[in-house]
Amino acid sequence: MAIESLEGTLIGSISTNSCNFRHGTFKYGVSIFREHWRNGYASDVIRILLRYYLEELRYLKVNAHVYAFNERSIVLQEHLGFVQEGRIRDMVFTKGQRYDEYVYGLTNS
(Lines give C-alpha, C1' and ligand atoms only; values in the text may rest on other atoms or scores of the structure.)
Protein backbone atom coordinates (compact mmCIF):
# COMPACT_ATOMS: atom_id res chain seq x y z
CA MET A 1 0.00 0.00 0.00
CA ALA A 2 1.20 3.50 -0.73
CA ILE A 3 1.79 5.91 2.15
CA GLU A 4 0.83 9.51 1.51
CA SER A 5 1.00 12.65 3.62
CA LEU A 6 -2.23 14.53 4.33
CA GLU A 7 -1.24 16.83 1.44
CA GLY A 8 -1.07 13.86 -0.95
CA THR A 9 2.72 13.56 -1.18
CA LEU A 10 3.96 10.00 -1.66
CA ILE A 11 5.99 9.11 1.45
CA GLY A 12 6.71 5.39 0.93
CA SER A 13 4.95 2.04 1.14
CA ILE A 14 3.93 -0.71 3.54
CA SER A 15 3.05 -4.30 2.74
CA THR A 16 2.01 -7.47 4.49
CA ASN A 17 3.07 -10.97 3.56
CA SER A 18 2.93 -14.53 4.82
CA CYS A 19 -0.60 -13.81 6.10
CA ASN A 20 -1.94 -17.04 7.59
CA PHE A 21 -5.38 -16.55 9.07
CA ARG A 22 -5.55 -20.14 10.31
CA HIS A 23 -2.47 -19.61 12.48
CA GLY A 24 -3.23 -15.94 13.07
CA THR A 25 0.19 -14.72 11.94
CA PHE A 26 1.56 -12.28 9.39
CA LYS A 27 4.66 -10.26 8.53
CA TYR A 28 5.01 -6.70 7.35
CA GLY A 29 7.58 -4.48 5.73
CA VAL A 30 7.69 -0.71 5.53
CA SER A 31 9.78 1.64 3.42
CA ILE A 32 9.87 5.42 3.85
CA PHE A 33 11.67 7.60 1.31
CA ARG A 34 14.84 9.03 2.85
CA GLU A 35 13.70 12.67 2.63
CA HIS A 36 10.74 11.79 4.90
CA TRP A 37 12.68 9.93 7.59
CA ARG A 38 12.34 10.97 11.25
CA ASN A 39 8.91 12.55 10.83
CA GLY A 40 6.92 9.77 12.51
CA TYR A 41 5.42 8.38 9.29
CA ALA A 42 6.70 4.84 9.81
CA SER A 43 5.43 4.52 13.37
CA ASP A 44 2.06 6.04 12.43
CA VAL A 45 1.46 3.73 9.48
CA ILE A 46 2.66 0.64 11.35
CA ARG A 47 0.26 1.42 14.23
CA ILE A 48 -2.61 1.75 11.74
CA LEU A 49 -1.68 -1.56 10.10
CA LEU A 50 -1.35 -3.32 13.47
CA ARG A 51 -4.69 -1.98 14.68
CA TYR A 52 -6.40 -3.26 11.52
CA TYR A 53 -4.78 -6.71 11.48
CA LEU A 54 -4.78 -7.37 15.23
CA GLU A 55 -8.09 -5.77 16.20
CA GLU A 56 -10.29 -5.91 13.09
CA LEU A 57 -9.01 -9.04 11.35
CA ARG A 58 -8.15 -10.73 14.68
CA TYR A 59 -4.66 -11.89 13.82
CA LEU A 60 -2.70 -12.94 16.90
CA LYS A 61 0.92 -12.30 15.99
CA VAL A 62 3.04 -10.18 13.68
CA ASN A 63 6.72 -10.55 12.78
CA ALA A 64 9.14 -8.05 11.29
CA HIS A 65 12.61 -8.80 9.93
CA VAL A 66 15.30 -6.15 10.34
CA TYR A 67 18.93 -6.16 9.21
CA ALA A 68 21.41 -5.60 12.05
CA PHE A 69 22.85 -2.45 10.42
CA ASN A 70 19.44 -0.75 10.39
CA GLU A 71 19.61 0.81 13.85
CA ARG A 72 16.67 3.15 13.28
CA SER A 73 14.39 0.26 12.39
CA ILE A 74 15.55 -1.70 15.43
CA VAL A 75 14.72 1.25 17.69
CA LEU A 76 11.35 1.64 15.95
CA GLN A 77 10.38 -2.01 16.42
CA GLU A 78 11.28 -1.90 20.09
CA HIS A 79 9.47 1.43 20.54
CA LEU A 80 6.33 -0.19 19.11
CA GLY A 81 6.58 -3.05 21.63
CA PHE A 82 8.18 -5.70 19.44
CA VAL A 83 10.60 -8.15 21.06
CA GLN A 84 13.63 -9.60 19.33
CA GLU A 85 12.86 -13.31 19.06
CA GLY A 86 15.62 -14.52 16.81
CA ARG A 87 18.69 -13.85 14.75
CA ILE A 88 19.57 -15.23 11.34
CA ARG A 89 23.35 -15.04 11.10
CA ASP A 90 25.22 -13.61 8.10
CA MET A 91 22.04 -13.02 6.13
CA VAL A 92 23.08 -10.05 4.00
CA PHE A 93 26.34 -8.73 2.53
CA THR A 94 26.52 -4.98 2.05
CA LYS A 95 29.25 -2.32 2.13
CA GLY A 96 31.91 -5.02 2.32
CA GLN A 97 30.51 -6.66 5.43
CA ARG A 98 28.12 -9.45 6.43
CA TYR A 99 25.20 -8.65 8.74
CA ASP A 100 22.67 -10.66 10.69
CA GLU A 101 18.92 -10.37 10.26
CA TYR A 102 16.85 -9.96 13.42
CA VAL A 103 13.36 -11.37 13.79
CA TYR A 104 11.04 -9.23 15.90
CA GLY A 105 7.62 -10.35 17.11
CA LEU A 106 4.57 -8.78 18.69
CA THR A 107 1.59 -10.75 20.02
CA ASN A 108 -1.95 -9.57 20.50
CA SER A 109 -2.40 -10.65 24.08
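Treat the numbers as computed from the prediction; the structure is a model and nothing was measured.
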Student check: side-chain heavy atoms of [X] and [Y] closer than 4.5 Å:
X	Y	answer
Y102	N70	no
Y41	I14	no
D44	R47	yes
Y104	I74	yes
S43	L76	yes

Task: Over 12 foreign heavy atoms within 6.0 Å of CZ, F69 - done: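 Yes.
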Give, for atom [atom1] of [X] and atom [atom2] of [Y], the distance between the pair rounded to the nearest 0.5 Å.
X	Y	atom1	atom2	value
F26	N17	CZ	CG	10.0 Å
E35	T9	CD	OG1	10.0 Å
Y28	S15	OH	OG	10.5 Å

Task: Aromatic contact, Y67 with Y99 (centres under 6.0 Å) - done: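 Not close enough - the centres of the two rings lie 6.0 Å or further apart.
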Tell me whether [X] shares a hydrophobic cluster with [Y], the cluster being built from Ile, Leu, Val, Met, Phe, Trp, Tyr side chains joined at under 4.5 Å.
X	Y	result
M1	L54	yes
V66	V92	no
I46	I48	no
L49	L60	no
V30	W37	yes

Task: Residue pairs, two or more places apart or on separate chains, that pass salt bridge (Lys or Arg N to Asp or Glu O under 4.0 Å) and touch residues 73-98 - done: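 Residue pairs passing salt bridge (Lys or Arg N to Asp or Glu O under 4.0 Å), neighbours aside: K61-E85, R87-D100.
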- [ ] Answer yes if the side chains of E7 and S5 hold a donor-acceptor pair under 3.5 Å, and no otherwise.
- [x]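 Yes.
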Task: Criterion side chain to side chain contact (heavy atoms under 4.5 Å, CB included) on I3 and H36, from CA distance to verdict - done: CA-CA 11 Å; I3 304 168; H36 299 290; over 6 Å; no
How close do [X] and [Y] get, heavy atom to heavy atom, and via which atoms?
X	Y	answer
L106	G81	CD1-O, 3.4 Å
N63	G105	OD1-CA, 3.5 Å
L57	F21	O-CE1, 3.0 Å
A2	L10	CB-CD1, 3.8 Å

- [ ] Determine, stepwise, if the pair R72 / R38 fulfils side chain to side chain contact (heavy atoms under 4.5 Å, CB included).
- [x] CA-CA 9 Å; R72 289 182 177 157; R38 312 231 7 116; 3.8 Å; yes
- [ ] Name the orientation class of the two ring planes belonging to Y59 and Y53 (parallel below 30°, tilted from 30 to 60°, perpendicular beyond 60°).
- [x]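 Tilted.
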